[in-house]
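As structure tokens, the structure follows; a few thoughts come after it.
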Amino acid sequence: MTETSPSIPVRIAGTGSYVPEKILTNAELADRVDTSDEWIVTRTGIKQRHIAADDEFTSHMATHAARRALEQAGIAPEDLELIIVATITPDTLTPATACYVQQNLGAVGAVAFDISAACSGFLYAMKISKRLISDGAFKNALIIGAEKLSAFVNWEDRSTCVLFGDGAGAAVLTRAEPGQGEILATEMGSDGRLTHLLNIPGGGSACPITTQNAGEHLATLAMLGKEVFKHAVTRMKEAAEKVIERSDLKPEDIACVIPHQANLRIIDAIADRLAVPNDRVFVNLDKYGNTSAAAVAIALDEANRTGAFKRGDHIVLVVFGAGLTWAAAAVRW
Ligand code: UT7
């Protein structure tokens, strides 16, 4: 297909999500580390998070969310041509978690791979699959954000362990017919000068976990929270503005903003800077904490299923994470 060929419009045909059964409350965390429900709620807005069982992996949660999205889309697993899982907590370093999901679903005809863009991964996956569908390479795709962050948290570090949770969210993307909704614009960016602000330093080839360093919690999340906070507000605002402008929208046209669920103060700051009233901003981090790549995907599914927007409404998704990375999408539902 040449660059001048008209691109095929792409829509979100179905969404799904899943969180593990076990809930860990702020009060329970306060029994383990020097923190309090008051500190966590005031500084983050988080009240509880869901924690996966020992034998429940990222691919299991991803598969549950995927089945719900496929059911809503009315698409059979065998008809999938592309599966992308966005995760920083894969079941194994290789093969990709997407291949386990493919196996679980019996999606034998799909190409399956993972992407690592931290909390921004789900919208990176949306942009990649939108392009592959609109270029004519594939007819439909399954994108998933899924994380078992509880396996990569230092449960003795109060500055991080109160923030994160486990879960998965999914969406099915397919060609849009005239009159149907459409993904109008997508944006993504990265700044590799800021890798030191948020990372998991150990467990990769740079710092394998050995019997000598096993007690140092190197394979757990480390974050300079205040610095990350500042960049998050700036980058998410810029990314959201770009997709709003490219879609010829104004703030008053947006029925629902679905932001990354990391901190209520970040979400409030973005709503303020975008001039979108708080009642049009979807928040569920009180229930789940920060689930990284899964967060915006779970929020999209909950917003969809609870009627936070309706057919024809305009919504904006916007995310930010380690890398640093950021992304946004404007969608006519
Ligand atoms: O998902 C990827 C993107 N991630 C984010 O966007 C996260 C961005 N950052 C944040 O959300 C916030 O920076 C945090 C929630 C992580 C931290 O909030 P903060 O207002 O920046 O607090 P702080 O790190 O500056 O800590 C303030 C105080 C410190 O005590 P001193 O030095 O003032 O005496 C911390 O030791 O709060 C203390 N503290 C805690 N106290 C009780 C840190 N963690 C806790 C805790 N409980 N869990």
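We count ligands from 1, going down the list as the structure has it; atoms in each ligand are counted the same way.
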State if Asn290 counts as touching ligand 1 under the rule of any non-hydrogen atom under 4.0 Å.
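It does; at least one heavy atom falls under 4.0 Å.
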Using distance alone, with no hydrogens and no angle criterion, decide if [X] and [Y] have a side-chain donor and acceptor under 3.5 Å apart.
X: Asn104; Y: Thr63; result: yes
X: Asn304; Y: Thr15; result: yes
X: Thr42; Y: Glu38; result: yes

[atom] [closest protein heavy-atom partner, distance rounded to 0.1 Å]:
atom: atom 5 (C) of ligand 1; result: Val228 CG1, 3.6 Å
atom: atom 18 (O) of ligand 1; result: Arg265 NH2, 3.5 Å
atom: atom 2 (C) of ligand 1; result: Cys119 SG, 3.4 Å
atom: atom 25 (O) of ligand 1; result: Lys226 NZ, 2.9 Å
atom: atom 36 (O) of ligand 1; result: Arg158 NH2, 3.0 Å
atom: atom 6 (O) of ligand 1; result: Ile266 CD1, 3.2 Å

Enumerate the atoms of ligand 1 whose separation from the nearest heavy atom of [X] is less than 4.0 angstrom.
X: Ser159; value: 44 (N)
X: Arg43; value: 19 (P), 20 (O), 22 (O), 27 (C)
X: Ala262; value: 1 (O), 5 (C), 6 (O)
X: Leu198; value: 2 (C)
X: Thr44; value: 15 (C)
X: Thr35; value: 42 (C), 46 (C), 47 (N), 48 (N)
X: Gly225; value: 8 (C), 9 (N), 13 (O)
X: His260; value: 1 (O), 2 (C)

Under a single-linkage definition using a 4.5 Å side-chain heavy-atom cutoff for Ile, Leu, Val, Met, Phe, Trp and Tyr, are Val228 and Ile88 assigned to the same hydrophobic cluster?
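As far as the 4.5 Å side-chain criterion goes, Ile88 and Val228 are connected within one cluster.
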Measuring to protein heavy atoms, does anything land under 4.0 Å from [atom]?
atom: atom 33 (O) of ligand 1; answer: no
atom: atom 29 (C) of ligand 1; answer: no
atom: atom 44 (N) of ligand 1; answer: yes

Electrostatic pair [X]:[Y] at N-O distance under 4.0 angstrom:
X: Glu182; Y: Arg11; answer: no
X: Arg265; Y: Asp268; answer: no
X: Lys230; Y: Glu227; answer: yes
X: Arg67; Y: Glu71; answer: no
X: Glu245; Y: Lys242; answer: no
X: Arg246; Y: Glu187; answer: yes

Answer side chain, backbone, both or neither: which part of Thr160 comes under 4.0 Å from ligand 1, heavy atoms only.
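Contact part for Thr160 vs ligand 1: neither.
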Give the contacting part of Val162 toward ligand 1: side chain, backbone, both or neither, where contact means a heavy-atom distance below 4.0 Å.
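The answer is the side chain of Val162.
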Within the side chain of Gln48, is there an N or O that forms a donor-acceptor pair under 3.5 Å with the backbone of Ile23?
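Side chain of Gln48 to backbone of Ile23: no pair is present.
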Hey, does the side chain of Asp166 reach the backbone of Leu149 with a donor-acceptor pair shorter than 3.5 angstrom?
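Yes, the answer is positive, given that a donor and an acceptor are paired below the 3.5 Å cut-off.
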Please report whether the ring centroid of Phe320 lies less than 6.0 Å from that of His231.
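Centroid distance His231-Phe320: not below 6.0 Å, so no.
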Hey, looking at atom 10 (C) of ligand 1, which of Val33, Asn263, Leu324, Val233 has the closest heavy atom?
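Looking at heavy atoms only, Asn263 sits closest to atom 10 (C) of ligand 1.
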Nearest option to atom 39 (N) of ligand 1, as decided by whichever heavy atom of Trp39, Trp326, Phe229 sits closest:
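It is Trp39 that holds the nearest heavy atom.
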